[in-house]
Amino acid sequence: MKKLEKKVAIVTGSSRGIGKEIAMKLAQEGAKVVVNYRSSSEKAEEVVNQIMQQGGEATAIQADVSQVDQSKHLVEKAVEKYGQLDILVSNAGIEYFGKLEEITFQDFERVFRVNVAGQLFVVQAAARYLLSGGRIVMTSSVSAQISVFYHTLYGASKAAVSAMVRNLAPELGERGITINAIAPGGTATDMAQENAKYYTHPMLQNAAPEALLKSKTSLQRLAQPEEIAAAITFLVSEDASYITGSTLAVDGGRL
Ligand SMILES: NC(=O)c1ccc[n+]([C@@H]2O[C@H](COP(=O)([O-])OP(=O)(O)OC[C@H]3O[C@@H](n4cnc5c(N)ncnc54)[C@H](OP(=O)(O)O)[C@@H]3O)[C@@H](O)[C@H]2O)c1
């Protein structure tokens, strides 16, 4: 018996990376999945095709979650297509590194618009349609809990996510809906590929990012996106019926 049979899920930012694997895994468990993307339409269609080829059901919907009206439109189109909504995985996010003196208000606004406002307002839009048993997962990061040079904006934006799920839990709990966050550690995606070099201490700029990662992670490797998706699949399933307001670290045992 598949765990998410008859469920409808939206996964924001699922054209690639962690989001893609979440969409694939939820579909494998029987959910009909809305694959959201900002600009990678071909990649999103590929994800939909892969799901269909495996006997699942999916559709791609473009929406930039940093725009409140687009998030609303995404949710409305999903409900129009599948007639209901049971699961929201708010995964879309962007990373940023910058020294204190370099950070501009535009940088602040860009990061917080996607990582904080983007997540809050897609949750707001989805919550209108979720019924008792509904599930929401937002995306924080190990970066909310650790010190990394020049990672202030990103770390702060991800810390806000854990505060949001803690405070939304009672409000949504009254309606039988759970809301949690996932906090991945370094995960092998485009984002990690582009930014791994910045995670090193400035005095160790010639050290290979992999060596640093090994020294900071009990399991001594990056996560694969599938491993993050597996934890999210648990959180949106019936098995996680008494978990809400939590942030689940999936970080290979951060040292
Ligand atoms: N990778 C890591 O090491 C790591 C660690 C901790 C937390 N995280 C978090 O996990 C999430 C996924 O990360 P990832 O590594 O898979 O990132 P990624 O490889 O950069 O993929 C990002 C995805 O988000 C979408 N996206 C970005 N901005 C968007 C917007 N404004 N509206 C809609 N979609 C948007 C992208 O769509 P397009 O393809 O259309 O651009 C893409 O599908 C993020 O929230 C990230 O902060 C990642």
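Every number for a ligand or one of its atoms is a count from 1 in the order of the listing.
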K.L.:
Considering the heavy atoms of Thr187, write down every atom of ligand 1 situated less than 4.0 Å from one of them.
P.N.:
1 (N), 2 (C), 3 (O)

K.L.:
Where do Met24 and Val47 land on the side chain to side chain contact (heavy atoms under 4.5 Å, CB included) test, with the steps shown first?
P.N.:
CA-CA 7 Å; Met24 300 286 301; Val47 177; 4.2 Å; yes

K.L.:
Side chain, backbone, both or neither: which part of Ala188 comes within less than 4.0 Å of ligand 1 when only heavy atoms are counted?
P.N.:
neither

K.L.:
In ligand 1, which numbered atoms sit nearer than 4.0 Å to a non-hydrogen atom of Gly93?
P.N.:
27 (C), 44 (C), 45 (O)

K.L.:
Using a strict threshold of under 4.0 Å (side-chain N to carboxylate O), is an ion pair present between Asp69 and Lys72?
P.N.:
no

K.L.:
What do you reckon, does Arg16 put a non-hydrogen atom under 4.0 Å from ligand 1?
P.N.:
yes

K.L.:
Say whether Asp107 and Tyr96, considering side chains only, have a donor N or O and an acceptor N or O under 3.5 Å apart.
P.N.:
yes

K.L.:
Among all protein heavy atoms, pick out the one at the shortest distance from atom 16 (O) of ligand 1; state its residue, atom name and that distance to 0.1 Å.
P.N.:
Ile18 N, 2.8 Å

K.L.:
Considering only protein heavy atoms, which is closest to atom 38 (P) of ligand 1, and at what distance to one decimal place?
P.N.:
Ser40 OG, 3.3 Å

K.L.:
Just go through Ala223, Gly185, Ser71, Ala63 and tell me whose heavy atom is the nearest to atom 4 (C) of ligand 1.
P.N.:
Gly185

K.L.:
Looking at atom 15 (O) of ligand 1, what's its closest protein heavy atom, distance included?
P.N.:
Thr189 OG1, 2.5 Å

K.L.:
Please work out whether any backbone atom (N, CA, C, O) or any side-chain heavy atom from C-beta onward of Thr139 is under 4.0 Å from ligand 1, and answer side chain, backbone, both or neither.
P.N.:
side chain

K.L.:
List the closest protein heavy-atom neighbour of atom 11 (C) of ligand 1: residue, atom name, distance to the nearest 0.1 Å.
P.N.:
Asn91 O, 3.1 Å

K.L.:
Would you say that Ile22 contacts Ile228 through its side chain, given a criterion of any heavy-atom pair below 4.5 Å between the two side chains?
P.N.:
no

K.L.:
Please write down residue, atom name and distance for the protein heavy atom closest to atom 41 (O) of ligand 1.
P.N.:
Arg38 NH2, 3.0 Å

K.L.:
For Glu109 and Val114: C-alpha separation, side-chain torsions, deciding distance, then whether side chain to side chain contact (heavy atoms under 4.5 Å, CB included) applies.
P.N.:
CA-CA 9 Å; Glu109 207 172 38; Val114 180; over 6 Å; no

K.L.:
Which atoms form the tightest heavy-atom contact between Asn115 and Ser157, and what is the distance?
P.N.:
ND2-OG, 3.1 Å

K.L.:
List the closest protein heavy-atom neighbour of atom 35 (C) of ligand 1: residue, atom name, distance to the nearest 0.1 Å.
P.N.:
Ala92 CB, 3.5 Å

K.L.:
Indicate, as side chain, backbone, both or neither, the part of Ile228 found under 4.0 angstrom from ligand 1 when only non-hydrogen atoms are considered.
P.N.:
neither

K.L.:
Using a distance-only test with no angle check, is there a side-chain donor-acceptor pair under 3.5 angstrom linking Glu95 and Asn195?
P.N.:
yes

K.L.:
Could you state whether Val116 and Val68 fall into the same hydrophobic cluster, counting links through intermediate Ile, Leu, Val, Met, Phe, Trp or Tyr residues with side-chain heavy atoms under 4.5 angstrom apart?
P.N.:
yes

K.L.:
Can you check side chain to side chain contact (heavy atoms under 4.5 Å, CB included) on Ile179 and Val123, steps first, answer last?
P.N.:
CA-CA 9 Å; Ile179 180 163; Val123 166; 4.2 Å; yes

K.L.:
One residue to check: Lys158. Relative to ligand 1, which of side chain, backbone, both or neither has a non-hydrogen atom less than 4.0 Å away?
P.N.:
side chain

K.L.:
So for atom CD, which belongs to Gln28, do other residues, nucleotides or ligands contribute more than 12 heavy atoms lying within a distance under 6.0 Å?
P.N.:
yes

K.L.:
Hey, which atoms in ligand 1 end up nearer than 4.0 Å to a heavy atom of Ser141?
P.N.:
6 (C), 7 (C)

K.L.:
Going by atom types alone, do Thr244 and Thr178 pair a side-chain donor with an acceptor below 3.5 Å?
P.N.:
no

K.L.:
Thinking salt bridges, do Glu227 and Arg221 make one under a 4.0 Å N-O criterion?
P.N.:
yes

K.L.:
Nearest heavy-atom pair of Gly17 and Thr189: which atoms, and what distance?
P.N.:
CA-CG2, 3.8 Å

K.L.:
Could you tell me whether ligand 1 has any atom less than 4.0 Å away from a heavy atom of Ser39?
P.N.:
yes

K.L.:
Looking at atom 32 (N) of ligand 1, what's its closest protein heavy atom, distance included?
P.N.:
Val65 N, 3.0 Å

K.L.:
Can you name the atoms of ligand 1, numbered from 1 with element, that are less than 4.0 Å from a heavy atom of Ser15?
P.N.:
37 (O), 38 (P), 39 (O), 40 (O), 42 (C), 43 (O)

K.L.:
Answer yes or no: is there an ion pair linking Lys3 with Asp239, defined by an N-O contact shorter than 4.0 Å?
P.N.:
yes

K.L.:
Please determine if Gly13 has a nitrogen or oxygen closer than 3.5 Å to a nitrogen or oxygen of ligand 1.
P.N.:
yes

K.L.:
Using a strict cut-off of 4.0 Å, indicate which atoms of ligand 1 neighbour a heavy atom of Gly17.
P.N.:
16 (O)

K.L.:
Find all atoms of ligand 1 within a distance of less than 4.0 Å from any non-hydrogen atom belonging to Asn36, and give their numbers and elements.
P.N.:
33 (C), 34 (N)

K.L.:
Provide, to 0.1 Å, the distance between atom 8 (N) of ligand 1 and the closest protein heavy atom, together with that atom's residue and name.
P.N.:
Tyr154 OH, 3.6 Å

K.L.:
Examine the proximity of ligand 1 to Ala44 and report which part, side chain or backbone, both or neither, has a heavy atom under 4.0 Å away.
P.N.:
neither

K.L.:
Which atoms of ligand 1 sit under 4.0 Å from any heavy atom of Ser140?
P.N.:
7 (C)

K.L.:
Do you see a donor-acceptor pair shorter than 3.5 Å between the side chains of Glu102 and Tyr150?
P.N.:
no

K.L.:
Hey, which atoms in ligand 1 end up nearer than 4.0 Å to a heavy atom of Asp64?
P.N.:
30 (C), 31 (N), 32 (N)

